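First the structure, in the form of structure tokens, and then the observations on it.
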Amino acid sequence: MRHALRTLTLALGAAAFGVAHAQQPVQINFWTYYLSPKFDDYIKGVIAAFEKQNPGIKVNYIDKQGTLEQEFITAVSLGSPPDVVNLWVESTQKAADSGLLTDLGAAVGPSLKTLYYPNSLGNFTVNGKVYGLPWYASFNTGVMAYNNDLVKKAGVTALPKTTAQMVAFAKQVKARTGAYGWAPAIKDPQGGTFLGVFVDEGLPLIRGNQAVFNSPAHARVLQSYIDLYKADVIPQDLLRKEAFQLSQELYTQGKLATVIGGPQALNRVRDNNKAIYAASQVTAAPLGAGKVQAGGGMSLVVPKAAPHPKEALLFARFMTNRANQVAFAKIVPVVPTAAGSDRDPYFAQARASKDPIERATGMIGANGANLKTAIPPLKNPTDMFKAFDDNIEAAFLGRKSAQQALNDAATAWNALMK
Amino acid sequence: MFRFLRGAPVSYLFLLPALVLLVVFTLYPVLYGSYLGFTRYTAVNFATRTPPEWVGLGNFRTLAGDELFRISVLNSVKYLLVVPALQIASLAVAVLVNRQLPGIAFFRAAYYVPVITSISLAAVMWDWIYNKDGVLNWLLKGLRLMSPDSNLSWLLDPSTAFWAIMLVTFWRGFGYYMVLYMAGLQNIPGELEEAARLDGASPWQSFWRITVPLMQPTILLCTLLSTLSAIRVLEEVLVFTNGTGGPLNSTYTALLYVYKKSFGGLDFNYGLASAAGLVVAAIALVLSVLNFRLFREGSVRA
């Protein structure tokens, strides 16, 4: 009898353990980049909805900041990688190149192409394989906010629609008001920014394995910016500070008439100078001869060594689905990249708003299909951007001619691309 | 009863925890870092979980052929010019504030404030000063040392950016060394200076014949610390130039090179960065030896 009881107890115990074990949810680790605590409510809300739909999966949300890349590779090397990671275009390309990421095209199948805009998928495609699901994006030149008081004071009657008109506008604003009219991106520490100017103007960067940004046409474009810089028509600090940061500073102080970029550029203006925000209006950003809208994008990737790749992919798809991307764009002016996002009625309503940020959000939010990264994937981006930037800087500071600077940069690139 | 506690083996036992920490956090990283200097160790090694690949002197050959590394080392060596300026000024001010005068505590605290000011805050402040519409240009124009139409952006001009950043290092380090010198000055017996005064020595003679020789150990310590800080300068350059190394790399220092090669992105190369770190360490070692030599000889003469 005692033996039977013991056997029964053990059997019940084992069954209970088995049930408990079977019910133990799979925990996946999800890393984002610079989103917490500001967007905790949104992210945790999406996670809660996902967990409700998938009771067997728990998501552990961790936000990483400046050291995300280093922590990511360290975690991979230590054998404890996260399951889903938020990377950006260049990082996704580099991580894919280093063999760190899962081929999501193969994992999702042909339906992947119907889920996101082709351009956005293209940003995260390396050697024909998709390594990141497009999450949210932003335009370098999405909209132009302008200080209407300064524009009127300068006597401008028609706002610039092309880069060439923008040059004339900047000269007029500077001459008549003393403020700058334009702060174009010419250099920043993260990349070869001036390459974006060439792309805006429809000029090629690389052909095959050769840098081709040193044609006379490229040199003419560079020279035109150097002339503006030397004449102090554009702020000289652009050579030292990132254009977006400097634009916000100067625009908020009333020393710059326009800010080109996403609506987020106006957040600081609204918080710091109500009068200038009240005088602000929004219009489409001027386009260069290339008529392209360049920008950057964020992806969700699944590391090759992820402990729970199936669950990770399920979550990454949920986080980046159309409904969740559009919901995110309603909180912060990012550009959704899921196919069909532009059809959401919110964007049309926002476009009609009188509030500059809402209007800008409406204008860019529905424009994800046109977003394209300016610079193609590069093998050794840090060294290549450095070589390019150093030469551009030498040209702006008068140490090299525009043509010489571009020739030297192209020589450096060709050596690095070998 | 506790006589056994006085034995030599027990003394070593007390040193053991510190020794373990030293081995784990200093000795091992130094040795492993030195080893990495002779390897290729990149993101691909992390991705494939393969160990660093031995390349012998390959990284050092790469460094020898890298123009940016040459510039960065030269800049770091040039940065040593801050050391004598910093030491002379902080010693002089330490002598001045080492007196019992009404309100002297305010001056001591004021000189120390930059030491505890965060670099990001300092960057904002000095940005206002160095801007082309900034305080420095306004002051120089006011003093008629600069033409009224000049618009020099101090951090943008390759000929001034280096010195502008060095001035910030001077400003930030000055109070720290002043406090160390004050501690040294307070250890000098008052009778010696009193005796010198009775013998008819002027304050200047007293300073040179008594204060400076007796301060020799403190001067050695401060100079050594300051030399090592100068050769390893990074924060100022990183913050003031957004990590770009300044106009035409005029403020690119050796440690910025190490930093960029290690943490510049996913295309990092720990092997090359470690090799560069070894070169910086070797330079620091040579300078330390020179400092010891210089001050030991000075001490004998005194």
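As the structure is a computational prediction, the values presented were derived from the model and not from experiment. Here is how names work: the chains are called A, B, and so on, in the same order as the sequence lines, proteins then strands, and each is numbered from 1.
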Under 4.5 Å from any heavy atom of chain A, what part of N131(B) do you find: side chain, backbone, both or neither? side chain

Heavy-atom contact with chain B under 4.5 Å, split by part of L100(A): both

Whatever's closer than 4.5 Å to a heavy atom in chain B on N391(A) counts as neither

If you count heavy-atom pairs within less than 4.5 Å of chain A, which of N249(B), V44(B), D157(B) leads? N249(B)

Report yes if the side chains of D237(A) and S153(B) come closer than 4.5 Å at any heavy-atom pair, otherwise no. yes

Side-chain contact test, heavy atoms from C-beta onward, threshold under 4.5 Å: evaluate it for L266(B) versus S98(A) and give yes or no. no

Find out whether T244(B) and D389(A) are in side-chain contact, i.e. whether some heavy atom of one side chain is under 4.5 Å from a heavy atom of the other. no

K386(A), part contacting chain B, at a heavy-atom distance under 4.5 Å: side chain

Side chains of D390(A) and E67(B): closer than 4.5 Å at any heavy-atom pair? no

Correct closest heavy-atom pair for I73(A) and F268(B) would be CD1-CE2, 2.6 Å

Rounded to the nearest 0.5 Å, what separation is found between the CG atom of L155(B) and the CG atom of L239(A)? 12.0 Å

Given heavy-atom pairs under 4.5 angstrom as the criterion, report whether the side chain, backbone, both or neither of L101(A) touches chain B. neither

Closest contact, heavy atoms only, E393(A) versus G246(B): OE1-O, 3.7 Å

Heavy-atom distance under 4.5 Å to chain A: side chain of F240(B), backbone, both or neither? backbone

Would you say Q236(A) and N151(B) make side-chain contact, with heavy atoms under 4.5 Å? no

